[in-house]
Amino acid sequence: MYLKILILWPCVVLNVAASKFRAAPQGSVKYSEEVQALALAMLCCMAALLGLILAVVIVCFLLDRALSWKHQATYYACRRQVQKVQEEALMKG
């Protein structure tokens, strides 16, 4: 579900911005289609960059969590082994 939102979010933002840009009242300044296309391309690039940054942050977060869980599992397994060896050493001694 979250992946679908991440993929669709830039498209929704672009559609809303484009509709507001087209619905803006035409005053004394008339924008040519080239300027509108340039503005839309810049908006598209900014939205794509923001989406890419967000995706990288989410991937880094998930990788950090996975490595943290792996570290905890290794730590507790090692701790149990050390405790077992210490208990055996105390029983023999």
Side-chain angles (χ1 to χ4, degrees):
M1 182 175 152
Y2 292 114
L3 183 61
K4 187 176 181 182
I5 291 171
L6 286 175
I7 292 171
L8 293 178
W9 182 75
C11 297
V12 172
V13 170
L14 284 174
N15 285 337
V16 170
S19 67
K20 288 184 178 181
F21 188 70
R22 288 189 198 114
Q26 296 292 332
S28 60
V29 179
K30 301 265 182 182
Y31 291 106
S32 66
E33 288 188 25
E34 294 170 355
V35 174
Q36 288 181 356
L38 179 64
L40 189 58
M42 287 176 56
L43 184 63
C44 180
C45 288
M46 287 188 296
L49 182 63
L50 183 64
L52 180 65
I53 290 171
L54 184 64
V56 167
V57 167
I58 289 173
V59 167
C60 288
F61 173 77
L62 293 176
L63 183 62
D64 183 55
R65 285 281 91 208
L67 290 175
S68 174
W69 290 333
K70 182 180 181 259
H71 173 72
Q72 286 179 354
T74 305
Y75 170 77
Y76 286 116
C78 181
R79 183 176 166 187
R80 272 179 275 168
Q81 288 176 352
V82 168
Q83 285 177 345
K84 189 184 287 186
V85 168
Q86 286 177 344
E87 287 173 2
E88 289 176 7
L90 287 174
M91 289 180 154
K92 287 182 180 180

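Residues: numbered from 1 along the sequence shown.
Cluster membership check: Leu62 does not share its hydrophobic cluster with Leu67, using side-chain heavy-atom separations under 4.5 Å among Ile, Leu, Val, Met, Phe, Trp and Tyr. With hydrophobic clusters built from ILVMFWY side chains whose heavy atoms lie under 4.5 angstrom apart, Val56 does not share a cluster with Ile53.
Grouping Ile, Leu, Val, Met, Phe, Trp and Tyr residues whose side-chain heavy atoms lie under 4.5 Å apart, directly or via other members, leaves Val59 alone, with no other cluster members. The hydrophobic cluster containing Trp69, built from Ile/Leu/Val/Met/Phe/Trp/Tyr side-chain heavy atoms closer than 4.5 Å, comprises no other residue.
By the 4.5 Å heavy-atom criterion applied to side chains, Leu49 and Cys45 are not counted as neighbours.
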If you look only at distance, which donor and acceptor atoms sit under 3.5 Å apart when one is on a side chain in residues 71-85 and the other is two or more places apart or in another chain?
from: Thr74; atom 1: OG1; to: Lys70; atom 2: O; distance (Å): 2.9
from: Arg80; atom 1: NE; to: Tyr76; atom 2: O; distance (Å): 3.2

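Distance OG/Ser68 to CG/Leu63: 11.0 Å, rounded to 0.5 Å.
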